[in-house]
Amino acid sequence: MQALEKQLISQFQKLSDISLTPYQAIANELSVTESDIINALQQLTDNNILSRFGPVFNHCAAGASTLAALAVSTDELDTVAKKVNQYPEVNHNYAREHYYNLWFVLTAHDQDHLTQVINKITKDIGLSPLILPMEEAFYIDLAFPINWDS
C-alpha cells in the first residue's frame, strides 16, 4: 500500500469539516493534488481495501431502514447474497454462523418503499426475511488507530 493510501486511511476515518470540495480540502492538508487523492481512493476501492469513503447520515431522519436476516442453505448462500445485493436499497450484507446466516441492511426513502422492497426480495428468493427494525441508536466512534508496522 502506498504512503498516501495509508495517510488517507489513518487521518480521514472521520472528517471534522464539511466542504463543497472535500477531495481538494484533503489534498491541501496532505500537500498533494486533488487528483492524487481521487486516484488513491480509487486504488483503495479497486483493491477492496476501502468499502466506502463518505459521510454516514442518520437514516431515521432521511427515510426508513431495517436490519434483516435470512436462513439460507449453505450451498445457496452466495447465490442468494448476489440476488439480495441487486437491490439498490441493500447497502451491505454479510454471512454469520447462525440459523439466520445471511444478514443485510435495507434503506429506503420511506417505510412504504422499504416494505415493497422486502416483499420483492421475499418473492424473488422464496424466503421470508426476519425483519429487525432499529429501536434505539447507540453511537460509537468507529475510527481507530492503525499500526502500519505490524
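The structure displayed is predicted, hence computed values, not measured ones.
Distance check: N39 CG to T33 OG1 gives 7.5 Å after rounding to the nearest 0.5 Å. We find the CD-CD1 distance between Q24 and I38 to be 9.0 Å, quoted to the nearest 0.5 Å. Here I125 contributes atom CD1 and L70 contributes atom CG; the two are 4.0 Å apart, rounded to the nearest 0.5 Å. Distance CG/L44 to CD1/I9: 5.0 Å, rounded to 0.5 Å. With rounding to the nearest 0.5 angstrom, the CD atom of E29 is 9.5 Å from the CD1 atom of I37. Atom CG in L102 sits 12.0 Å away from atom CD in E76 (nearest 0.5 Å).
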(request) Walk me through it: do Y87 and K120 pass the test side chain to side chain contact (heavy atoms under 4.5 Å, CB included)? (result) CA-CA 9 Å; Y87 291 86; K120 286 180 184 176; 3.9 Å; yes

(request) Show the numbers, then the answer: is there a side chain to side chain donor-acceptor pair (under 3.5 Å) between T115 and D112? (result) CA-CA 5 Å; T115 301; D112 286 343; 5.5 Å; no

(message) Using side chain to side chain donor-acceptor pair (under 3.5 Å), reason through E97 and N101 one step at a time and then give a plain yes or no.
(response) CA-CA 6 Å; E97 292 183 23; N101 55 352; over 6 Å; no

(request) With side chain to side chain contact (heavy atoms under 4.5 Å, CB included) as the test, would you mind laying out the steps for H92 and N85 before giving the verdict? (result) CA-CA 7 Å; H92 68 276; N85 282 345; over 6 Å; no

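Cluster membership check: I146 shares its hydrophobic cluster with L30, using side-chain heavy-atom separations under 4.5 Å among Ile, Leu, Val, Met, Phe, Trp and Tyr. Residues I18 and I26 fall into different hydrophobic clusters, defined by Ile, Leu, Val, Met, Phe, Trp and Tyr side chains chained together at heavy-atom separations under 4.5 Å. Tracing side-chain contacts under 4.5 Å through hydrophobic residues (I, L, V, M, F, W, Y), one never reaches Y94 starting from L50; they form parts of separate clusters.
For the 3.5 Å distance criterion, the side chains of Q42 and D46 qualify, holding a donor opposite an acceptor.
Using cut-offs of 30° and 60° on the angle between ring planes, the pair W103 and H98 is perpendicular.
The shortest distance between side-chain heavy atoms of V90 and V105 does not fall below 4.5 Å. Looking only at side-chain heavy atoms (C-beta outward), I121 and L106 come within less than 4.5 Å of each other. Between S35 and Y23, every side-chain heavy-atom pair lies at or beyond the 4.5 Å cut-off. In this structure, the side chains of E5 and I49 stay at 4.5 Å or more apart for every pair of heavy atoms. For the pair I131 and P129, the minimum side-chain heavy-atom distance is below 4.5 Å. With a 4.5 Å cut-off on side-chain heavy atoms, T79 and V72 do not count as touching. Residues H109 and L114 fail the side-chain proximity criterion, which asks for heavy atoms closer than 4.5 Å. Annotation: side chain of L127 is not in contact with side chain of T122 (no heavy-atom distance under 4.5 Å).
For F144, the CZ atom counts as loosely surrounded, since its 6.0 Å shell holds 12 or fewer non-hydrogen atoms of other residues, nucleotides or ligands.
Between Q13 and A143, the shortest heavy-atom distance links the atoms OE1-CA, 2.9 Å. Nearest heavy-atom pair, F12 versus Q7, reported as atom, atom and distance to 0.1 Å: CD1-O, 4.0 Å. Residues T66 and L132 approach most closely at OG1-C, 3.3 Å, considering heavy atoms.
Distance alone, capped at 3.5 Å, is enough to place a donor-acceptor pair between the S19 side chain and the T21 backbone. When atom types are taken as modelled, the side chain of N147 and the backbone of D149 share a donor-acceptor pair closer than 3.5 angstrom.
Under the side-chain contact (heavy atoms from CB on, under 4.5 Å) test applied with E89, the options T107, I118, V117 reduce to a single match, V117.
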